[in-house]
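Structure first, commentary second.
Start at 1 and go down the list; that is how both ligands and their atoms are numbered.
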Amino acid sequence: MSASTPPSWPGNLYGLFQSRFPADRARSFIEMEDGRAYSYGDLENISGRYARLLTNLGVTKGERVAVQVEKSPEAIFLYLACLRAGAIYLPLNPAYTKSEVDYFLGDAEPRVVVCRPESEIEISGIARAAGIAHVLTLDRDNGGSLPGRARDLTPLEDYAAAEPGDVAALLYTSGTTGRSKGAMLTHGNLASNALALHETWGFQADDVLLHALPLFHTHGLFVATHCVLLNGTGMLFLPKFDTGAVVKLLPRATVMMGVPTFYTRLLAHAPFTAEACRNMRLFISGSAPLLEETFHAFRERTGHTILERYGMTETGMNTSNPLDGERIAGTVGFPLPGVEARVCGDKGQVLGPGEIGTIEVRGPNVFIGYWRMAEKTKAEIRPDGFFITGDVGKIDARGTVHIVGRAKDLIICGGFNVYPKEIELCIDRIGGVDESAVIGVPHPDFGEAVLAVVKREPNAGNVTAESVIAACKSELANFKVPKQVRFVDELPRNAMGKVQKNDLRARYTKA
Ligand code: AMP
């Protein structure tokens with residue numbers, strides 16, 4: 001498949017999935033640890049009823065449905081309902097605070113918001129101010145007004161007509177300026193990527209996926225779930241990653257996808273043995289760099305070689321180590337079918353094998369732009385269609401892609417992206433703080449941990465590590481809150497006045 005190949009899926013992504021559902025709809029789609037189970041028939045029925053409710057609420061093609069809920073099978077059915085209704089699904093991390101949600105809802109202007117029952121009052125306040133018509137609730141156990149109001153509705157029979165170029169999902173990815181950007185992903189983007197991954201990873205008729213990833217991010221929502229839907233098979237579904245639960249379920253699974261933190265945590269857990277992995281076919285890692293140390297320790301413990309892949313919100317997956325063939329530690333493999341990758345220098349010139357520069361990608365997977373940010377879109381997608389990823393890397397003579405750093409000083413903590421600027425802005429607002437710089441330092445569990453370096457104003461001894469952390473906690477999702485705070489007299493700067501974060505990283509990594 002190349003970028004110019006006509007799409008081989010019906011316009012609506014749901015139609016592609018439906019064409020792959022098992023003929024026997026009683027077959028399992030989701031099995032929970034507590035014994036709850038959902039068949040493909042349930043999937044069709046529940047997503048059909050949710051889609052009916054959305055259309056009854058006036059949701060029409062292209063309208064946004066924002067969803068900030070705990071992970072549950074119903075959250076997947078709601079996503080599928082949005083596809084069926086032709087709406088644009090906008091998932092939000094439940095860890096986002098009121099001010100963060102305020103921004104997303106104001107920017108995306110959804111017609112419907114679905115939230116947790118405990119945040120209904122808060123979200124209703126935001127929704128009223130933003131002119132959002134409907135707020136529904138959903139909890140992790142199938143309670144709330146969404147399932148309640150959909151219960152007696154007649155399921156939508158089919159799905160809305162859509163073109164491959166129609167937007168199916170809006171995923172926010174924070175910018176280095178601290179302002180989040182909504183990446184518009186089309187039915188065609190998602191379908192092409194799902195097909196490429198399903199083929200590349202050799203999904204088989206008897207595969208069972210262990211799903212322990214969150215559902216508000218491309219990894220758990222698209223990569224893992226789409227492979228299962230295209231395969232028409234089942235998954236073992238955990239509400240969150242838990243080493244004990246994973247080890248218990250692994251003997252019944254054949255494929256697991258995780259962030260590197262999953263694998264370091266499993267390795268630290270003695271009951272995680274080769275025996276627990278006896279039925280496994282494939283362990284896949286991504287969303288953050290997998291340390292070579294973890295790659296080797298995992299192979300030694302289990303006999304399995306983790307397959308590392310590379311992608312991002314804006315593009316879905318771009319590269320993967322091979323299913324058959326050597327998987328090389330510290331590399332992210334080859335471009336997926338239909339995806340092209342190149343490395344460019346400062347002036348946009350294409351670099352040769354082994355030369356380090358910015359990784360750019362092109363293909364049917366690449367998003368169509370940032371929501372209502374035409375200038376940002378223009379700055380990051382070149383006229384020839386290549387997207388400037390912001391990752392720094394090289395492509396060796398064999399065509400293997402290596403990532404060596406991140407152009408934008410992004411911190412990846414436990415698989416979640418943390419953009420320093422957003423935290424610096426929060427810290428700089430604290431009375432008594434002159435300025436700050438936020439960096440990532442290696443952390444054995446999270447991969448990287450957030451560390452804040454703070455310059456106080458004179459006589460501002462009342463600004464302490466505790467007060468900085470408390471101020472961040474009140475404004476930011478927990479995973480963004482610094483784990484450590486260090487105080488300095490001056491931040492190191494270069495002749496251009498830029499803070500030298502490399503110096504800070506070197507200093508505090510040694511410490
Ligand atoms: P997100 O948009 O949250 O999926 O984050 C995308 C970013 O995560 C990429 O731009 C990379 O910096 C990083 N990333 C994803 N997968 C890998 C990987 N296998 N190795 C290194 N970095 C990765």
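Note on E122 versus K98: no salt bridge recorded, every NZ/NE/NH1/NH2 to OD/OE distance being 4.0 Å or above. Look at E424 and K501 and you find a salt bridge, because one of the NZ, NE, NH1 or NH2 atoms lies within 4.0 Å of a carboxylate O, short of that distance.
Of all the heavy atoms of S285, none lies under 4.0 Å from any atom of ligand 1, so neither backbone nor side chain is involved.
A329 pairs by the side chain to side chain contact (heavy atoms under 4.5 Å, CB included) definition with E292, F295, H296, not counting sequence neighbours. Residues forming a side chain to side chain contact (heavy atoms under 4.5 Å, CB included) with E326 (at least two apart in sequence, or on another chain): I328, R398.
Below 3.5 Å of separation, one finds no N or O of E314 facing any N or O of ligand 1.
F416 has its ring centre no less than 6.0 Å from the ring centre of F446.
Distances from ligand 1 to the non-hydrogen atoms of I403 include at least one value under 4.0 Å. For R309, the closest heavy-atom approach to ligand 1 falls below 4.0 Å.
Distances below 4.0 Å separate heavy atoms of T313 from the following atoms of ligand 1: 1 (P), 2 (O), 3 (O), 4 (O). Near H217, meaning under 4.0 Å from one of its heavy atoms, ligand 1 places the atoms 1 (P), 3 (O), 4 (O). Of all the atoms in ligand 1, the ones that sit under 4.0 Å from a non-hydrogen atom of E308 are 18 (C), 19 (N), 20 (N). The I412 neighbourhood of ligand 1 comprises atoms 8 (O), 13 (C), with distances under 4.0 Å to a heavy atom of that residue.
In this structure a side-chain-to-backbone donor-acceptor pair under 3.5 Å is missing from T218 to T313.
The local environment of CD in E300 is sparse, with at most 12 non-hydrogen atoms from other residues, nucleotides or ligands closer than 6.0 Å.
For atom 8 (O) of ligand 1, the nearest non-hydrogen atom from the set P260, A288, S287 belongs to S287.
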